[in-house]
Engineer: 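Take this structure first; my questions come after.
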Amino acid sequence: MLLAEGVSGPEKGGGSAAAAAAAAASGGVGADNSAEHSDYRAKLSQIRQIYHTELEKYEQACNEFTTHVMNLLREQSRTRPISPKEIERMVSIIHRKFSSIQMQLKQSTCEAVMILRSRFLDARRKRRNFNKQATEILNEYFYSHLSNPYPSEEAKEELAKKCAITVAQVSNWFGNKRIRYKKNIGKFQEEANMYAARTAVNAANASSHGSQANSPSTPNSAGGYPSPCYQSDRRIQ
DNA sequence: GACGATGATTGCCG
DNA sequence: CGGCAATCATCGTC
């Protein structure tokens, strides 16, 4: 893991290797916003640097402590016999202790990288609002099908194409819209009336100078839904 | 910076 | 599997 992220492993060329490794490891998000990407890389290299300085610190502390203990043992060897085996045992205990600390450091670094990675990869964190036109199109469909706001797969595809978003996003949008509309109809009244009126105007225009009741550009022309109707049951109180 | 709006995710249900 | 409900995380506004 740490090796893959370029945090652990041989240090060559101060960071560029790590950045490359990180870029490779994060595969799939490469074609993303470069600003965010460089932010990710910066944070990763920061983690990496902290890891290395800490590791070095522990290494140094371990060596210092070892020599200190050795000195103590040498001191004691004057008053009592101390076998080389005993010294070796002591040293290995110290090393074990310090290496377990280093393992902990490694683990916490690993966790930090994981969190950073999940933050970077989580789509929710890169959420962008749809543009105005897309929202208009979606709302128009929603309010002109208020009695049955469940677009078919084809209708969803049509909407997705028009709004330049994915079908999944259209589904998400309708899911959110239905639940939020239902939860607080009052809040959406104004919006509902506005779109209903607009749809009515569109329908009137279309029928006044055309043989068809539905304009070809109206979303419901593809989904097999009935022609747009004014939702007179939603009134401002 | 608090707060509402909003897109996305998760877990559950029929 | 699609939809609902709750929730998360960010955006946009004040």
Side-chain angles (χ1 to χ4, degrees), chain A residues 1 4-5 7 22-23 25-47 50 108-199 217-226 228-229 231 233-237:
Chain A
M1 170 64 194
E5 288 295 350
V7 173
S26 62
V29 281
D32 214 291
N33 189 327
S34 66
E36 282 179 38
H37 204 134
S38 70
D39 187 48
Y40 170 71
R41 280 197 308 228
K43 285 193 175 129
L44 195 62
S45 82
Q46 193 184 347
I47 290 173
I50 289 167
S108 62
T109 305
C110 193
E111 271 169 34
V113 171
M114 295 264 270
I115 289 165
L116 179 68
R117 233 170 108 71
S118 72
R119 281 181 74 91
F120 185 71
L121 291 172
D122 191 346
R124 280 185 292 193
R125 310 217 180 231
K126 291 183 294 183
R127 183 190 141 246
R128 292 281 174 284
N129 288 351
F130 298 154
N131 62 40
K132 194 129 182 167
Q133 198 186 345
T135 327
E136 295 252 314
I137 292 165
L138 293 167
N139 272 319
E140 207 166 302
Y141 187 98
F142 181 79
Y143 287 113
S144 63
H145 297 76
L146 206 49
S147 54
N148 185 35
Y150 296 87
S152 65
E153 204 55 43
E154 299 91 71
K156 279 182 191 171
E157 277 169 32
E158 178 89 14
L159 286 167
K161 208 153 102 184
K162 280 187 170 193
C163 301
I165 58 178
T166 66
V167 174
Q169 285 178 305
V170 173
S171 297
N172 279 340
W173 190 91
F174 273 88
N176 282 324
K177 190 73 182 180
R178 280 192 298 266
I179 189 83
R180 282 162 188 167
Y181 180 81
K182 193 174 74 176
K183 247 182 174 170
N184 192 352
I185 293 175
K187 197 173 69 184
F188 291 97
Q189 285 240 322
E190 208 178 316
E191 196 177 64
N193 286 323
M194 189 189 107
Y195 280 101
R198 188 186 302 186
T199 305
S217 62
T218 345
N220 48 321
S221 62
Y225 282 94
C229 56
Q231 297 291 330
D233 53 331
R234 316 277 174 208
R235 273 183 286 268
I236 301 172
Q237 313 263 23

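Letters go in sequence order (proteins before strands), and every chain restarts at 1.
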Engineer: Measure the distance from CG on A/N184 to C1' on C/dA6 and round it to the nearest whole Å.
Structural biologist: 17 Å
Engineer: Got a second to check how far A/N129's CG is from A/T135's OG1, nearest 0.5 Å?
Structural biologist: 7.5 Å
Engineer: Once you round it to whole Å, what is the distance between P of C/dA5 and OH of A/Y181?
Structural biologist: 15 Å
Engineer: Just to confirm, is there a sub-4.0 Å distance from OP1 or OP2 of C/dG3 to any side-chain nitrogen or oxygen of A/K156?
Structural biologist: yes
Engineer: If you compare every side-chain N and O of A/K187 against the phosphate oxygens of B/dG4 (OP1, OP2), does one of them come in below 4.0 Å?
Structural biologist: no
Engineer: For the side-chain contact (heavy atoms from CB on, under 4.5 Å) test, which of A/F188, A/W173, A/Y195 pairs with A/F142?
Structural biologist: A/W173
Engineer: Rounded to the nearest 0.5 Å, what separates atom CD1 in A/I185 from atom CG in A/L146?
Structural biologist: 8.0 Å
Engineer: Side-chain contact, heavy-atom cut-off 4.5 Å: A/E153 with A/V167?
Structural biologist: yes
Engineer: Is there side-chain contact between A/P151 and A/F174, with heavy atoms separated by less than 4.5 Å?
Structural biologist: yes
Engineer: Calculate the interatomic distance between A/K183 atom NZ and B/dA5 atom C1'; express it in whole Å.
Structural biologist: 13 Å
Engineer: Does a side-chain N or O from A/Y150 land closer than 4.0 Å to OP1 or OP2 of C/dC4, or not?
Structural biologist: yes
Engineer: Please report the distance, rounded to the nearest Å, between CG in A/N139 and C1' in B/dG7.
Structural biologist: 14 Å
Engineer: Does A/Y143 reach the side chain of A/R198, with side-chain heavy atoms less than 4.5 Å apart?
Structural biologist: no
Engineer: Indicate, yes or no, whether a donor-acceptor pair under 3.5 Å links the base of C/dT10 to the side chain of A/R128.
Structural biologist: no
Engineer: Under 6.0 Å from the CD atom of A/E191, do we count more than 12 heavy atoms belonging to anything else shown?
Structural biologist: yes
Engineer: Please determine if a side-chain N or O atom of A/R178 lies less than 4.0 Å away from the OP1 or OP2 oxygen of C/dC4.
Structural biologist: yes
Engineer: Roughly how many Å is it from NZ in A/K177 to C1' in B/dA8, rounded to a whole number?
Structural biologist: 16 Å
Engineer: From A/N172 CG over to A/I165 CD1, what is the distance, rounded to the nearest 0.5 angstrom?
Structural biologist: 9.0 Å
Engineer: Just to confirm, is there a sub-4.0 Å distance from OP1 or OP2 of C/dA5 to any side-chain nitrogen or oxygen of A/K182?
Structural biologist: yes
Engineer: If the helix axis at each end comes from five base pairs, how far does the helix from B/dG1-C/dC14 to B/dG14-C/dC1 deviate from straight, to 10°?
Structural biologist: 10°
Engineer: Just to confirm, is there a sub-4.0 Å distance from OP1 or OP2 of B/dT6 to any side-chain nitrogen or oxygen of A/R180?
Structural biologist: no
Engineer: Between C/dC8 atom C1' and A/R127 atom CZ, what is the distance in whole Å?
Structural biologist: 11 Å
Engineer: Contacts to DNA chain C from residues 167-176 of chain A, heavy-atom cutoff under 4.0 Å, which residues?
Structural biologist: none
Engineer: Could you check whether any side-chain heavy atom of A/S171 comes within less than 4.5 Å of a side-chain heavy atom of A/K156, counting everything from C-beta outward?
Structural biologist: yes
Engineer: Rounded off to whole Å, could you give me the CD1-to-P distance for the A/I179 and C/dA6 pair?
Structural biologist: 7 Å
Engineer: Any carboxylate oxygen within less than 4.0 angstrom of a Lys/Arg side-chain nitrogen, looking at A/K162 and A/E140?
Structural biologist: no
Engineer: What integer distance in Å separates A/N129:CG from C/dG12:P?
Structural biologist: 5 Å
